Number of protein chains: 2
Amino acid sequence: MAEPRWLDEREMRAWSGFLAASALVNRRLDQQLKDDAGLSHPQYEILVRLAAAPGRELRMTELANGLINSKSGLTYQVTQMEKAGLVRRRSCPSDVRGVFAVLTDAGSAKLEEAAPGHVATVREVLVDVLTPAQLDALAEGLGEVGRRLRGQGA
Amino acid sequence: MAEPRWLDEREMRAWSGFLAASALVNRRLDQQLKDDAGLSHPQYEILVRLAAAPGRELRMTELANGLINSKSGLTYQVTQMEKAGLVRRRSCPSDVRGVFAVLTDAGSAKLEEAAPGHVATVREVLVDVLTPAQLDALAEGLGEVGRRLRGQGA
DNA sequence: CACGGGTTGTTCGAATTTGAATCACCGGTT
DNA sequence: AACCGGTGATTCAAATTCGAACAACCCGTG
């Protein structure tokens, strides 16, 4: 691999733009959620996923799969959120090993409280900055990127 | 803020695609760099920026500004890399407080060793997955996103 | 020249993340 | 029924991250 295909100008701009935007947007959202609702970004995502799940509960593994974190990271976060009363654990009746994370009413309320500010920030930093055409390009292009990485990685 | 403008379908797809791709791509690159060259992604970026700098050296603050990390995070990483012999510190002659991070020959060699595999991975997970039009949309759209966040945040 | 506001980099403690190891268990096989 | 590869979740130590506090210093002003 002595001479790989380096990135040309266009590719380089897309790549570094993606990298920078990725870091900056994540950083900004973390900060906004923490200030506004006392939630970390991972915690917010857990709330969203549980709220969308049937019965407002998911197995730990299912939660970890869709998420950024490793399994152990999820265990940690759920423990924190359980202390805060946002979720609770329920053992799975058909499999003693299995654990459901269940959204509590307090967790649901916390999500409703945090969501408007979060959405507003998402608009401010990303969605409202892009043209409709750019939005579509992101959805399709990055959607495919995600699909491939999920396919390989998992 | 009782009723914010929620994201419509198109916006939602773009947003969640961006979020997922951002996390997955970063994860994959971290892993590839670690396995392939024993570098973390932040460390690789430090090498790149130093290699591109005049005299192969930069002030700590300049390095931190372009970078993801907080100042203290940069101090930590540079210390690690100094132990590994990839960079060294040089105090600034005109300002006693100032510190330059200088790329060593070993650091330069490490970068040349790691770069081909890194670029190949970047192509594999992102660049070669996107159409030229999507590349342009990313470059322009996310470029603007980054510019705005830099303007505000700093 | 002394002063005060702003900068520079580091240090410190607390929070978080990761991967490896571990424990307990499921389900199919013999 | 005992076994066995694989699964689900947790625990643990180590590495990394951040923000706030800190010490030292620059520079323009009075």
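Every chain is numbered from 1, with letters handed out A, B, ... down the list of sequences. None of these values were measured; they are calculated from a predicted model.
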- Message: Quick test of your reading of the model: are B:Arg56 and B:Asp105 salt-bridged, counting only N-O distances below 4.0 Å?
- Response: yes

- Query: B:Lys71 has an atom NZ; how far is it from atom C1' of D:dA21, in whole Å?
  - Reply: 11 Å

- Query: Within this structure, what is the CD-to-P distance between B:Gln31 and C:dT18, rounded to whole angstrom?
  - Reply: 12 Å

- Query: With respect to the side chain of A:Ser72, which nucleotide from C:dT18, D:dC18, D:dA9 is positioned closest?
  - Reply: C:dT18

- Residue B:Thr61, side-chain atoms from C-beta onward, closest of D:dA15, C:dG9, C:dT17: C:dG9

- Query: Rounded to whole angstroms, how far apart are CZ on A:Phe100 and P on D:dG8?
  - Reply: 12 Å

- Query: Using 4.0 Å as the upper bound for N to carboxylate O, is an ion pair formed by B:Arg123 and A:Glu11?
  - Reply: yes

- Please tell me which of the listed nucleotides, D:dC18, D:dA9, C:dG19, lies nearest to the side chain of B:Asn69? D:dC18

- Message: From CG of B:Leu74 over to P of D:dG19, roughly how many Å is that when rounded to an integer?
- Response: 14 Å

- Looking only at C:dT11, D:dT16, C:dC26, the nucleotide nearest the A:Arg97 side chain is C:dC26

- Task: Output yes when at least one side-chain N/O atom of A:Gln80 is less than 4.0 Å from OP1 or OP2 of C:dA15, else no.
- Result: no

- Query: Does B:Gln77 or A:Tyr76 map to a spot on DNA chain D nearer the 5' end, using the closest nucleotide for each?
  - Reply: A:Tyr76

- Message: Check A:Arg148 with B:Glu124, please: is the shortest side-chain N to carboxylate O separation under 4.0 Å?
- Response: no

- Message: Counting distance alone, no hydrogens or angles: does the base of C:dG19 have a donor or acceptor under 3.5 Å from a partner atom on the side chain of A:Ser70?
- Response: no

- Message: Please report the distance, rounded to the nearest Å, between CZ in B:Arg27 and P in D:dT16.
- Response: 15 Å

- Item | Minimum-distance nucleotide (side-chain atoms of A:Thr75 versus D:dT11, D:dT16, C:dG9) | D:dT11

- Message: What is the separation between atom CG on A:Leu58 and atom P on D:dA9, rounded to the nearest whole Å?
- Response: 11 Å

- Message: Whether B:Arg5 and A:Asp128 form a salt bridge (side-chain N of Lys/Arg under 4.0 Å from carboxylate O of Asp/Glu) is what I want to check.
- Response: yes

- Query: How would you label the contact of B:Gly98 with the nucleic acid (heavy atoms, under 4.0 Å): base, sugar-phosphate, or nothing?
  - Reply: sugar-phosphate

- Spacing of B:Gln43 atom CD relative to D:dA15 atom C1', expressed in whole Å: 11 Å

- Message: I'd like to know if A:Arg10 and A:Asp8 make a salt bridge, using a cut-off of under 4.0 Å between side-chain N and carboxylate O.
- Response: no

- Picking from C:dT18, D:dA9, D:dT16, the nucleotide nearest the side-chain atoms of A:Arg59 would be D:dA9

- Ion pair check, A:Glu62 and A:Arg49, cut-off under 4.0 Å: no

- Message: Are the side chains of A:Leu7 and A:Trp15 in contact, using a 4.5 Å heavy-atom criterion?
- Response: yes

- What integer distance in Å separates B:Leu39:CG from D:dT16:C1'? 15 Å

- Does the side chain of B:Asn26 come under 3.5 Å of the side chain of A:Ser22 through a donor N or O and an acceptor N or O? yes

- Message: Quick check on contacts: within residues 82-96 of chain A, what sits under 4.0 Å from DNA chain C by heavy-atom distance?
- Response: A:Asp95, A:Val96

